[in-house]
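Report on the structure given below.
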Amino acid sequence: MFSHDAGMVLGVEIGGTKTQVGRCDARTGRPVELVRRAVERPAGRAGILRQLEEMIPPLLRGVTAIGVGFGGPVDLASGRAVTSHQIAGWDWFPVRRWFERRFGLPVVVENDTNCAGFAEATRGAGRGARTVFYFNVGTGVGGALVRDGALYNARYGAMEFGHMRRDDGRTLESVSSGLAIEQGVSTVRESGRYVGEMLANVITLLNPDVVVVGGGVAQAGRPFWEPMRAAVRERVFHVFRRNYRLRRARFGQVVVVVGAALLAGRRA
């Protein structure tokens, strides 16, 4: 049970396949109540906003702030969505202002993968490590870097792991994401190998203590993990081979909600 003075916040995920809202403990980010809906892609942005207007009001009891994890680049200064690569209609939409006007609470808007990375680095599989690189392989592919408990970020975001380009010119996301597998562009094993090849470059650049892997495709188990690990070992700078630890994400499907809630808790 949570104490009455713990403080509650909302963690919101606006994704490519699901919309989630959690009423969460501000200190731990853990959802006390959670509502999830599948995204209807043809309905675009308007459909998701209608979902949020229905999902959020019943969860507002005792809530002092809202954290939003958005599935795409975010203009941190204005709280606008730059774009979504999965759902139409989000280009330059004022996400923070929309939430503030609808619900009358302070709002933090961040990229969804950054939210997830913050959750895993501070409360999950990377807890206790100084430098954590997080990436997810799900509907899309994203990355986040957390060092000494702080997100590395810049205007419009950073660490866009899925948009790194392979030798053939294609982005990592276009060949390894859940959508790529669904469309027959690749298989789970190929996704794992493609991710491992790019991840070796990231480790060579950042030399992180822990690499945390999340997302639906990564939950496929050995068919994804074995080729990924092999590709990393083969390609990473040999001096760093013993420095990093590869870990599975702990928070599963609620990771973005937890991270958004933690960021909102800081604001609150």
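Keep in mind that this is a model prediction, so the values were computed, not measured. One-based numbering along the sequence shown.
- Separation of atoms CD (E13) and CG (L52) is listed at 11.0 Å; rounding is to 0.5 Å.
- The main-chain N or O of K18 is never found under 3.5 Å from a side-chain atom of R36 such that the two would form a donor-acceptor pair.
- At most 12 heavy atoms of other shown residues, nucleotides or ligands fall within 6.0 angstrom of atom CZ in R222.
- Side chains of M159 and L206 form a contact here, defined as non-hydrogen atoms less than 4.5 Å apart.
- Between the side chain of R235 and the main chain of A200, no donor-acceptor pair closer than 3.5 Å is present.
- A tilted orientation is assigned to the rings of F103 and F99, their planes being inclined by 30° to 60°.
- Between the CG atom of N153 and the CD atom of E110 there is a distance of 4.5 Å, given to the nearest 0.5 Å.
- Side-chain contact check for E33 versus V21: every heavy-atom pair is 4.5 Å or farther apart.
- A heavy-atom distance below 4.5 Å is found between the side chains of Y156 and D75.
- Nearest approach of P31 to C24, heavy atoms of both residues: CA-SG, 3.8 Å.
- The backbone N or O of R233 sits less than 3.5 Å from a side-chain atom of R241, completing a donor-acceptor pair.
- At distances below 3.5 Å, at least one donor-acceptor pair connects side-chain atoms of Q51 with backbone N or O atoms of A38.
- Aromatic pair F161/F133: ring centres closer than 6.0 Å.
- Using a 4.5 Å heavy-atom threshold, the side chains of N207 and F237 count as separate.
- Once rounded to the nearest 0.5 Å, the distance linking CD1 of I203 with OH of Y244 reads 5.0 Å.
- Between the side chain of E120 and the backbone N or O of F251 there is at least one donor-acceptor pair closer than 3.5 Å.
- Contact check for V213 versus F135: side-chain heavy atoms found under the 4.5 Å cut-off.
- Under a 3.5 Å cut-off, the side chain of R96 and the backbone N or O of S78 do form a donor-acceptor pair.
- R23 is listed as a side-chain neighbour of L10, based on a closest heavy-atom distance under 4.5 Å.
- The number of heavy atoms from other shown groups lying within 6.0 Å of CG (D167) does not exceed 12.
- Side-chain atoms of C115 and L263, non-hydrogen and from C-beta on, do get closer than 4.5 Å to each other.
- In terms of hydrophobic clustering, with Ile, Leu, Val, Met, Phe, Trp and Tyr side chains grouped at heavy-atom distances under 4.5 Å, V236 and L145 are assigned to a common cluster.
- E40 and R50 are not joined by a salt bridge, as no carboxylate oxygen comes within less than 4.0 angstrom of a charged side-chain nitrogen.
- For the salt bridge (charged side-chain N to carboxylate O under 4.0 Å, His left out) test with E197, the passing option among R166, R165, R229 is R166; the others fail.
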